[in-house]
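The structure appears right after this line, and notes come after that.
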Amino acid sequence: MAHYAKISNQEFTVSERARLLEAQSEKSAIEVNNTESEEYATLKTAYEDSFTSATLQTLEAELAALESQRTPDMTQEEKEALNTSIIAKQEEIDAEKAALVPGQEAVLADLNAKETEGTEALTAEIETLNTTISNS
């Protein structure tokens, strides 16, 4: 019985399914155009740059310098002091990375908004068509 209901649903929703495919295609075309725009490229660069800062680069260089001080002939006390310095520097790096997160999230939201710009009506239509097809 469910098989016949499915066949009936498919026959009843032919035009809705066709429009759904058309709307999805239109939406994809708009999104492709948006992602190929100069504004999107600028936002993407800003997003990629948001994962670092001058402070973070300095801290990472300082950490690398600390780690390069490690030698096989160090005393236990020197090793412990160096490890303490390395741990402290890593904590500073982690704090700086955490401070960058809000900026990353803001730029990502802008990037996503640019990608979907102009697709609001199509998105609503797609949702309506999906609901209509599901309810048939």
Side-chain angles (χ1 to χ4, degrees):
M1 187 95 167
H3 175 70
Y4 293 112
K6 181 179 178 186
I7 292 171
S8 175
N9 178 301
Q10 289 174 344
E11 291 173 3
F12 182 72
T13 60
V14 169
S15 63
E16 287 85 357
R17 289 177 189 277
R19 178 59 194 142
L20 177 62
L21 290 174
E22 185 179 313
Q24 289 170 332
S25 177
E26 290 173 22
K27 181 181 175 192
S28 292
I30 292 170
E31 289 173 343
V32 166
N33 285 337
N34 288 345
T35 58
E36 292 175 351
S37 71
E38 188 65 36
E39 184 180 354
Y40 185 87
T42 302
L43 287 169
K44 188 173 181 182
T45 299
Y47 178 68
E48 291 165 355
D49 292 346
S50 71
F51 285 90
T52 193
S53 68
T55 303
L56 181 59
Q57 291 173 344
T58 300
L59 291 171
E60 288 173 337
E62 291 171 359
L63 178 62
L66 284 171
E67 289 174 341
S68 71
Q69 293 176 9
R70 199 180 306 267
T71 61
D73 58 340
M74 292 177 80
T75 65
Q76 186 62 30
E77 289 140 2
E78 290 172 329
K79 288 179 184 178
E80 288 173 6
L82 183 59
N83 286 339
T84 301
S85 297
I86 289 173
I87 290 169
K89 191 58 64 178
Q90 186 60 55
E91 288 172 352
E92 288 181 62
I93 289 171
D94 292 344
E96 179 64 18
K97 285 181 179 180
L100 294 173
V101 170
Q104 294 166 352
E105 291 172 346
V107 176
L108 182 59
D110 292 343
L111 193 62
N112 290 334
K114 180 60 185 172
E115 182 178 356
T116 60
E117 184 178 89
T119 64
E120 297 82 6
L122 286 169
T123 299
E125 182 180 1
I126 289 168
E127 289 174 7
T128 301
L129 287 166
N130 278 325
T131 301
T132 301
I133 292 167
S134 293
N135 291 338
S136 295

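Every value quoted in this text rests on a predicted model; they were computed, and no experiment measured them.
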4.5 Å side-chain heavy-atom contact, [X] and [Y]:
X    : Y    : value
M74  : T71  : yes
T116 : T123 : no
Y47  : L108 : yes

Heavy atoms only: give me the nearest [X]-[Y] pair and the separation to one decimal.
X    : Y    : value
L100 : S50  : CB-O, 3.8 Å
S85  : L66  : O-CD1, 3.7 Å
Q90  : L63  : OE1-CD2, 3.3 Å
A23  : I126 : CB-CG1, 3.8 Å
T52  : Q57  : OG1-CG, 3.4 Å
T132 : E16  : CG2-CG, 4.1 Å

* Could you go step by step and tell me if I86 and K89 meet the side-chain contact (heavy atoms from CB on, under 4.5 Å) rule? -> CA-CA 5 Å; I86 289 173; K89 191 58 64 178; 5.7 Å; no

Please round to the nearest 0.5 Å and tell me the distance separating atom [atom1] of [X] and atom [atom2] of [Y].
X    : Y   : atom1 : atom2 : answer
D73  : T75 : CG    : OG1   : 9.5 Å
Q24  : E26 : CD    : CD    : 10.5 Å
K114 : T42 : NZ    : OG1   : 10.0 Å
N83  : E67 : CG    : CD    : 9.5 Å

* Asked: Quick check: are there more than 12 heavy atoms from other residues, nucleotides or ligands sitting under 6.0 Å from NZ of K44?
  ->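 No - once you tally the heavy atoms of other residues, nucleotides and ligands closer than 6.0 Å, there are 12 at most.
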
* Is atom CD of E120 surrounded by more than 12 heavy atoms (other residues, nucleotides or ligands) closer than 6.0 Å? ->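 Enclosed: over 12 neighbouring heavy atoms sit under 6.0 Å from CD of E120.
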
* Kindly work out whether a path of hydrophobic side-chain contacts (I/L/V/M/F/W/Y, heavy atoms less than 4.5 Å apart) joins V107 to V101. =>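 Each belongs to a different hydrophobic cluster.
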
* Asked: Given the rule that I, L, V, M, F, W and Y join up when any side-chain heavy atoms are under 4.5 Å apart, are L20 and I30 in one cluster?
  ->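 Different clusters: L20 never reaches I30 through Ile, Leu, Val, Met, Phe, Trp or Tyr contacts under 4.5 Å.
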
* Asked: For L122, does its backbone N or O pair with a side-chain atom of T119 as donor and acceptor, under 3.5 Å?
  ->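 Pair absent, no side-chain N/O of T119 close to backbone of L122.
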
* To do: Keeping the roles fixed (side chain from S25, backbone from L21), state whether a donor-acceptor pair exists under 3.5 Å.
  =>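 No, because the side chain of S25 does not come within donor-acceptor range (under 3.5 Å) of the backbone of L21.
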
* Asked: Ion pair present between E22 and R19, side-chain N to carboxylate O less than 4.0 angstrom?
  ->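 Between R19 and E22 there is a salt bridge, with a charged N closer than 4.0 Å to a carboxylate O.
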
* Are E125 and K27 close enough for a salt bridge, meaning some N to O gap below 4.0 Å? ->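 No salt bridge links E125 with K27.
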
* Asked: Which is it for E92 and T55 under the side-chain contact (heavy atoms from CB on, under 4.5 Å) test, yes or no, and what are the steps along the way?
  -> CA-CA 10 Å; E92 288 181 62; T55 303; over 6 Å; no

* Asked: Hey, which of T45, N34, L111 is the one that makes side chain to side chain contact (heavy atoms under 4.5 Å, CB included) with Y40?
  ->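 Per the side chain to side chain contact (heavy atoms under 4.5 Å, CB included) rule, the option paired with Y40 is L111, out of T45, N34, L111.
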
